[in-house]
Amino acid sequence: MEKYIINGGNKLYGSVKIQSSKNSVLPILAATVLTDGKVKILNVPHISDVKNMVKILSCLGCKAVYDGDNIIIDSSSADCFEIPSALAHELRSSVFLLGSVISRFRYAKIAYPGGCDIGLRPVDLHLTGLKRLGVQITEKNGYILCKCDKLRGNEIMLDCPSVGATENIMLAAVKAEGTTIIKNAAREPEIEDLQNFLNRIGAKVSGAGSGTIRIDGVNKLEGCEYLPIPDRIEAGTFLIGAAMCGGEITAEGAYPENISSLIHKLTENGCKIHINNDKIVLENHKRLASVKSIETQPYPGFPTDLQAQFTALCCICEGHSIVTENLFETRFKYVPELRKMGADITVIDRNAFVRGVEKFKGATVVANDLRGGAALVLAGLAADGRSEVMGISHIDRGYGSFEYKLRNLGADIVRVTV
Ligand code: EPZ
């Protein structure tokens, strides 16, 4: 067990290099099962979700290894279609493997996926989409069993623009016979990144980023070397941290257009933000004004993955805010921990009602999920006094070298073994 010890109150100054997007790297790793060509993915963060995905690929018979900050995958020797339940439970993105494993083996067996405990997180849209492509699916004893003689392209209308379901169907359709059209597809930048990766290995995918994606089935795929897009949620987390602590930081290698909803809100709060190509500079030296309301929405709306971090910022702004979480049923589990730090915040259903206080007070708090844990760290950095954040294995799932990057910006944070 490890925890962070934080002495709050330092302003943040300097530059932070943004990692490749966790939520791009994970579906791209799943996609490597589709091809016998060698794939090299660049600038990959050393985070446990990626490490677990690499373990799953190895269980399928793929050769997958970290090479510094890159990962090299050779799936030519893949020979297993069953994803081990212990690993499947570790992360949500194990479910993305259904599409590529079925495409390769015509069979797939996986336990229900894990991931952050932020809601019910059903997989019905994944399974309905795969059935439309000709997959027969049985759900038994906590496993999803799939088989199909031949994957055939079809038109699929998603009830909601699910990121994972969009990606799973894309992967299953790449080598299907004929054309697949996905309507009401998710528009996140990571979907477009997956499309670009798939086309780089020889697939024919178009329309990602719009609500309609077209996949024309192909027979042969190759290998490639690929640099995924920067992690917009990591970039947003650091920018919010600087807004809370004060100072001036540069998020390097970030794509501002991918977090324009956050940039708009931080500007509304009173932050000075300067954009220069792939650098986002945020400067703040005062107590910020609250934004009256924030509603999480599918992209390009305000990202649910920045909801917790932004709510922590609202807690120390001047005035009241209402934060509405529209995507997940229970994504406010970090709120009782913020209240231990002096936050004045009440949650009713999907709304958090915040009354800004001057400062957080240092306290011992427990992370329950990845982004809620990051929010608690930011609160500790901005707080008066000493904080301890327990349960940081949740944070390690999505932030590589988190405390090193924060220390490089002037934060007083150390990781200790309990
Ligand atoms: C992806 O999760 C991300 N994870 C999440 O990031 C992110 O919060 C989420 O998309 C929304 O942007 C990865 O990419 C690995 P969804 P996913 O399917 O695919 C409902 C993080 O912190 N739904 O878009 O699981 C679902 O209940 C993580 O990095 C169904 O009803 O999200 C939710 O209300 C957390 N049936 C909504 O759709 C389904 O079959 C959005 O979920 C699938 C989803």
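One-based numbering, in listed order, for ligands and for the atoms of each. Numbering starts at 1 and runs along the sequence shown.
Among protein heavy atoms, the minimum distance from atom 40 (O) of ligand 1 is reached at L125 N, 2.8 Å. Atom 5 (C) of ligand 1 has its closest protein heavy atom at D305 OD2, 3.8 Å. The protein heavy-atom contact nearest to atom 17 (P) of ligand 1 is R121 NH2, 3.9 Å. Scanning the protein heavy atoms around atom 15 (C) of ligand 1, the nearest turns out to be N23 OD1, 3.4 Å. For atom 25 (O) of ligand 1, the nearest protein heavy atom (residue, atom name, distance) is R92 NE, 2.8 Å. Looking only at heavy atoms of the protein, atom 32 (O) of ligand 1 is closest to F328 CZ, 3.9 Å. Looking at atom 34 (O) of ligand 1, its nearest protein heavy atom turns out to be L327 O, 2.4 Å. Atom 18 (O) of ligand 1 has its closest protein heavy atom at S162 OG, 2.7 Å.
Annotation for K147: atom NZ does not count as buried by contact number, only 12 or fewer foreign heavy atoms lying within 6.0 Å.
Between the side chains of D36 and S76, no donor N or O sits under 3.5 Å from an acceptor N or O. For the residue pair T179 and D216, a side-chain donor N or O sits within less than 3.5 Å of a side-chain acceptor on the partner. A donor-acceptor contact closer than 3.5 angstrom is absent between the side chains of E2 and S393. Q307 and Y334 form a side-chain donor-acceptor contact under 3.5 Å, judged by distance and modelled atom types alone. Checking N168 against H126 by side-chain atom types alone, a donor-acceptor pair falls below 3.5 Å. Side-chain contact check for Q19 and N43: no donor-acceptor pair (N or O, by modelled atom type) lies under 3.5 Å. Neither side chain, T180 nor N154, offers a donor N or O lying under 3.5 Å from an acceptor on the other. In this structure, a donor-acceptor pair under 3.5 Å is absent between the side chains of S15 and K17.
Every atom of ligand 1 with a heavy atom of K22 under 4.0 Å away is listed here by number and element: 21 (C), 29 (O). Residue T304 approaches ligand 1 through these ligand atoms, each under 4.0 Å from one of its heavy atoms: 8 (O), 11 (C). Ligand-side atoms of ligand 1 in range of G164: 18 (O), 19 (O), range being under 4.0 angstrom from any heavy atom. Which parts of ligand 1 touch R331 is read off a 4.0 Å heavy-atom cut-off, strictly below it: atoms 8 (O), 22 (O), 35 (C).
In terms of polar-atom proximity, F96 is not counted as a contact of ligand 1, lacking any N or O under 3.5 Å from an N or O of the ligand. For ligand 1, the polar-atom distance check finds an N/O of V163 within less than 3.5 Å of one of the ligand's N/O atoms. For a threshold of 3.5 Å applied to N or O pairs, the pair formed by E167 and ligand 1 contains no separation below that value. In terms of polar-atom proximity, defined here as any N/O pair under 3.5 Å, D124 does make such a contact with ligand 1.
By the 4.0 Å heavy-atom criterion, C160 is counted among the residues contacting ligand 1.
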Go through D231 and K22 one step at a time and tell me if the salt bridge (charged side-chain N to carboxylate O under 4.0 Å, His left out) criterion holds. CA-CA 6 Å; D231 194 315; K22 164 179 90 78; over 6 Å; no
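Between G301, S94, P122, it is P122 that holds the heavy atom closest to atom 39 (C) of ligand 1.
Contacts of R371 with ligand 1, taken as heavy-atom pairs under 4.0 Å, involve the side chain alone.
Side-chain rings of F310 and F302 approach one another, their centers coming within less than 6.0 Å.
Using a cut-off of 4.0 Å between Lys/Arg side-chain N and Asp/Glu carboxylate O, R415 and E403 are scored as salt-bridged.
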